[in-house]
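Only one structure is covered here, and it is reproduced in the block below.
These figures come from a predicted structure and were not determined experimentally. Only this structure's heavy atoms are used, side chains among them; waters, hydrogens and symmetry mates stay out. Each chain gets a letter, A, B and so on, in the order its sequence line appears, and its residues count up from 1.
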2 protein chains.
Amino acid sequence: MGLTKSEEFTIADNRTAELAKAFAHPARVAILRLLAERKACVCGDLVDELPLSQATVSQHLKELKRIGIIKGEIDPPRVCYCINEPVWEEAQVAFGVLFEAIKIQKQGCC
Amino acid sequence: MGLTKSEEFTIADNRTAELAKAFAHPARVAILRLLAERKACVCGDLVDELPLSQATVSQHLKELKRIGIIKGEIDPPRVCYCINEPVWEEAQVAFGVLFEAIKIQKQGCC
DNA sequence: CTAATACATCGCAATATTACGATTAATAGT
DNA sequence: ACTATTAATCGTAATATTGCGATGTATTAG
């Protein structure tokens, strides 16, 4: 049906999935990488670095802002985007929790 | 158009995005968490733990296998799934590279 | 051989995502 | 006020994803 049954899963699993979506498209990986490396910041510069139209880049930025992992400060007529560090760290922790889980027990059926 | 222009991005960014997709749905987060914590392993047990039909769970498992982050060993009549550790570590490294990038330079326009 | 069990796959329906041209909104400079 | 610049949003189209009932496949038990 294309409708994720979010309400059936835990808050934590839903949030982890949402944070992962920020990284689940190569354009968004590229955007986050450029912002994290401080190689670009202004929307127009991101458009120059990416093989996508301005409208499409703007849409990806909107989605990243919705998730909260970036923020945009308007500096007319430009908008300067940057990583929103608290959420960036939230993502790091959320994935870290998963990655650590495998180390807890080494026995099991497989 | 709904068609990601993958060929226009780097191999690395595409792979990071693909690995992120493994975590980009709450059902898959739950599956990976259960497998990593060794709380379940057999497909049927996963179905019992999740609010989804057997067909849907099987489909998520197929996608996770396609990405490579899990593997399934058949143990007739069951199939035992587990984390594929090399790819699990690949994901850890891929995200780690991004998370570290922000620490390189603290100056910048924002 | 037959039935039961466990899982994969098919086919379908519905929603979500990706992409972009065109337009709009806001501001700066003249 | 007029124009240029920058970015957001609208409208539309196409592909992708999610979900499940039904069916198929393989293996085991009897």
Side-chain angles (χ1 to χ4, degrees), chain A residues 1-9 13-14 17-18 20-31 34-35 40-67 70-82 109-110, chain B residues 1-9 13-14 17-18 20-31 34-35 40-67 70-82 109-110:
Chain A
M1 300 170 186
L3 207 185
T4 294
K5 298 167 81 178
S6 310
E7 68 290 345
E8 307 270 10
F9 298 97
D13 285 351
N14 272 293
E18 185 165 64
K21 276 187 191 170
F23 298 88
H25 187 287
R28 292 202 290 268
V29 173
I31 289 170
L34 290 166
L35 294 181
C41 175
V42 173
C43 176
D45 293 344
L46 293 168
V47 173
D48 291 343
E49 296 284 338
L50 299 169
L52 297 172
S53 73
Q54 181 265 322
T56 302
V57 172
S58 189
Q59 208 168 249
H60 281 301
L61 289 169
K62 184 182 177 182
E63 176 64 6
L64 292 171
K65 254 196 303 187
R66 189 191 63 74
I67 293 168
I70 67 170
K71 57 189 175 183
E73 283 172 40
I74 88 161
D75 173 26
R78 302 160 204 281
V79 178
C80 178
Y81 286 99
C82 52
C109 61
C110 334
Chain B
M1 299 168 190
L3 208 185
T4 294
K5 297 167 79 178
S6 309
E7 68 289 346
E8 307 269 12
F9 297 96
D13 284 352
N14 273 293
E18 186 164 63
K21 275 187 191 170
F23 298 89
H25 187 287
R28 293 201 291 268
V29 172
I31 290 171
L34 289 165
L35 294 180
C41 176
V42 174
C43 175
D45 294 344
L46 292 169
V47 173
D48 291 343
E49 297 283 339
L50 299 169
L52 298 172
S53 74
Q54 181 266 322
T56 302
V57 172
S58 189
Q59 207 167 252
H60 281 302
L61 289 169
K62 184 182 178 182
E63 176 65 7
L64 291 172
K65 254 196 304 189
R66 190 189 62 73
I67 293 168
I70 68 171
K71 58 189 174 184
E73 283 171 40
I74 86 162
D75 173 27
R78 303 164 205 279
V79 178
C80 179
Y81 287 98
C82 53
C109 59
C110 334

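In this structure, Arg28(A) contributes its side chain and Lys21(A) its backbone to a donor-acceptor pair below 3.5 Å. Asn14(B) contributes a side-chain N or O that, together with a main-chain N or O of Ser6(B), makes up a donor-acceptor pair within less than 3.5 Å.
Residue Leu61(B) comes nearest to Tyr81(B) through the heavy atom pair CD1-CE1, 3.5 Å, listed as atom of the first residue, atom of the second, then distance. Taking each heavy atom of Leu46(A) and Cys41(A) in turn, the nearest pair found is CD1-O, 4.4 Å.
Between the OH atom of Tyr81(A) and the P atom of dA7(D) there is a distance of 8 Å, given to the nearest Å. As a whole-Å value, the separation of Arg78(A) CZ from dA8(D) C1' is 16 Å. Atom CZ of Arg66(B) is separated from atom C1' of dA16(D) by 12 Å (rounded to the nearest Å). Nucleotide dA8(D) holds its P atom 12 Å from the CG atom of Leu64(A), rounded to whole Å.
The side chain of His25(B) contributes an N or O atom lying less than 4.0 Å from OP1 or OP2 of dG19(D). Side-chain nitrogen and oxygen atoms of Lys21(B) include none within less than 4.0 Å of the OP1 or OP2 phosphate oxygen of dA16(D).
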Under the side-chain contact (heavy atoms from CB on, under 4.5 Å) criterion, do Ile31(A) and Leu50(A) qualify, and how do the steps go? CA-CA 8 Å; Ile31(A) 289 170; Leu50(A) 299 169; 3.6 Å; yes
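In summary, contact between chain B and DNA chain C, defined as any nucleotide atom under 4.0 Å from a heavy atom of the protein, begins and ends at dA6(C) to dC20(C) in the 5' to 3' direction.
The side chain to side chain contact (heavy atoms under 4.5 Å, CB included) check on Pro51(A) picks up Glu8(B), Phe9(B), with sequence neighbours excluded.
The shortest side-chain heavy-atom distance between Lys71(A) and Lys65(A) does not fall under the 4.5 Å cut-off.
Using a 4.0 Å cut-off between charged nitrogen and carboxylate oxygen, Arg78(B) and Glu73(B) do not count as a salt-bridge pair.
Of the residues in residues 52-61 of chain A, those lying under 4.0 Å from DNA chain D by heavy-atom distance are Gln54(A), Ala55(A), Ser58(A).
Comparing Leu3(A) and Pro77(A) by the nucleotide of DNA chain D whose heavy atom lies nearest to each, the residue mapping closer to the 5' end is Pro77(A).
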